[in-house]
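Letters A, B, ... are given to chains in the order of the sequence lines, protein chains preceding strands, and every chain is numbered from 1.
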Amino acid sequence: MSENLFGQIRIFVLVELTSLYPDIPTDVLARVEVTPTREAAHGDMATNAALVAAKPTGKSPREIAAALALALAERPEIAKAEQAGPGFVNITLAPAILLAQIPVILQAQEQYGSSKIGNVRRVNVEYVSANPTGPLHVGHCRGAVVGDALANLLAKAGFDVTKEYYINDAGAQVIALAWSVYWRYLQALGTTLKEGEFAEAAPTGLQYPGDYLIPVGAALAQDHGAALAGPGCSIAESALWLNVVRDAAIAAMMDLVREDLAALGVYHDIFTSEAALVAAGGVEHALATLSANDLLYEGVLEPPKGKTPEDWEPREQTLFKSTAFGDDIDRPVKKSDGSNTYFANDIAYHADKLTRGFTSLIDVWGADHGGYVKRMKAAVKAMAGARDASLDVVLCQIVRVMKDGVPMKMSKRAGTFVELRELIDAVGADTVRFIMLTRKSDAQMEFDLDAAVAQTRENPVFYVQYAHARCRSVLRAAAGLSALPEPDDLSSLDAAEELALIRRLISWPRAIEAAAEAHEPHRIAFFLYDLAGDFHALWNRGRENAALRFLQEERPVETAARLALVAATATVLRSGLAVLGVTPAEEMRG
RNA sequence: GCACCCGUAGCUCAAUUGGAUAGAGCACCAGACUACGAAUCUGGGGGCUAGGGGUUCGAGUCCCUUCGGGUGCGCCA
């Protein structure tokens, strides 16, 4: 039997269906599904085959379902098949088929659930990509976790995944950063300038006043002495120092970012520099490609209706014909002074990813960039040309951190923002990661600090960790029993709770595939929560009745079977936690 | 004005990509404990899925529309 039982049974369904009705078109057959049932009373699996086949065959769904059920029931792997509802066929597997999956899981270990649907297709997942102007703050956290888990998920589904970080080190913000670092440098030298005077004199002002730049300025003073300063520690011509200070600042900030990501367990395969891309002529190359395809023109944009900026005046700019690829208006690639827009750089960057051989691009962005999705997709289509390549953007809505029932204020001004590091230190990386994945990414969420540290069921991390710890506890205790037989005979596993747990376990490969196709890693968190619930329910049988506990010294065959189920549960829990990047707990003690 | 996201139990959120009687947790009510086999469990109440129309065997899910919330809309990245 295949590792994925649903796929196997689906083949049976298709064979019997086409045998009964040979003329069903293949596009209809493609819509035939075999899915887990919501209720145990509906058996192990259900198929919609009769419903989708009704129209092409001209028969009623119930009639087809009845015939299909009859045919399927002949299969030795299927214990029962019956027509139900409007035309479903509910399938109950032969117990041996269900139980046979337990050794499959134990053999595969954490590889269980790994899929080949990705077909080694090269996927690039770009996430975080925060401006290198300071430590990560909580606003970056969700994207970091979602992107990382999504990349893990796709890898498990058989894609060839690269995790990428785009360093925005070419724009005005890093110039402002350089000026802010320069202030710390002058301070380290003992300048008599007041902060207000410096902010007045700097063309960018003092945009990043946080303390975290002090050591960067000090290091520059250490390395360069007063060579970057004017007479008497005054502000020197920027030509003298700006590049040096900017490069040092970016390097220092990226070190900070990497430390923060490491604390969260996030590791990128590659960091790509915007500045390097620009310096290599990537933008000119990309624009030339667009121009060669007649996708650029000089034009004047209309002001947004109902909200015309006060200083609006019509200006001619170079525009990309993104409307040819589904965008609402054409988008500028050059500012009116002729310099490139950020969008132009981003086009070049995505083209670069395509050039590097990725056919599937995924960007994880904050929701405030939602208005940017259409144009970027349009640009990727345009740059891909005849190549089969696509971009999907996963938007992450904002997270409100709640404390004592009220949202915590977060402000980047004056360096008072809540840093990611503080959140990790407060609740732990595992908890941050898991909770960030308990919501669909495009829905706003509240991160309840009180619930996150709670050791109760309302904390989903705890609940799942506890299930794994309980599994491990039983397996440890089993080591103290006298020798048990090999778990060859699993037929004693027939309680409703045991079968429910097994059903959940065998749906793990399917859960991986569905979540990967939808680019929705949060589904894995919910799967694990449900799986933990199934296991806790089984565990609870033993509280009322000691004969139902896992370890029964006098009944070694049953005990061995139960232990196999416990070990399989622990395996799938670990397999899922690995996708989320959460550590499985061996025990829950302090 | 336009685009995108969202609207599900009192609260925070799910719903196997269009499937069967819309589910969990918290809170509330009624029960069970000297703690890693009670950091938990059992039972109960609670819903016109924001409103209206449409598509079809079938809609929380897809289309249209109204209302309400969020994010954006040339020289920030």
Pairing partner (Watson-Crick or G-U wobble, both distances under 3.5 angstrom) of B/C62: B/G54
A/Lys377 side chain near B/C4 phosphate (N/O to OP1/OP2, under 4.0 Å): no
Contact under 4.0 Å: A/His369 side-chain N or O vs B/C73 OP1/OP2: no
Base B/U16 to side chain A/Arg38, donor-acceptor N/O within 3.5 Å cut-off: yes
Which nucleotide in B/G25, B/C57, B/U12 has an atom nearest any side-chain atom of A/Tyr529: B/G25
First of A/Gln444 and A/Lys55 reached from the 5' end of RNA chain B, by closest nucleotide: A/Gln444
Proximity to the side chain of A/Glu446 - top-ranked nucleotide from B/A15, B/C41, B/C13: B/C13
Side-chain donor/acceptor of A/Arg62 to backbone N/O of A/Gly85, under 3.5 Å: yes
Contact list for residues 33-60 of chain A, test salt bridge (Lys or Arg N to Asp or Glu O under 4.0 Å), sequence neighbours left out: A/Asp44-A/Arg503
Test item: A/Pro25 and A/Pro56 side chains (from C-beta on) under 4.5 Å apart, heavy atoms: yes
Residue matched to B/U21 through Watson-Crick or wobble contacts both under 3.5 angstrom: none
B/A9 - base-pair partner by Watson-Crick or wobble geometry, distances under 3.5 Å: none
salt_bridge(A/Glu126, A/Lys353) N-O dist < 4.0 Å: yes
N/O donor-acceptor pair, side chain A/Asp327 with base B/A3, under 3.5 angstrom: no
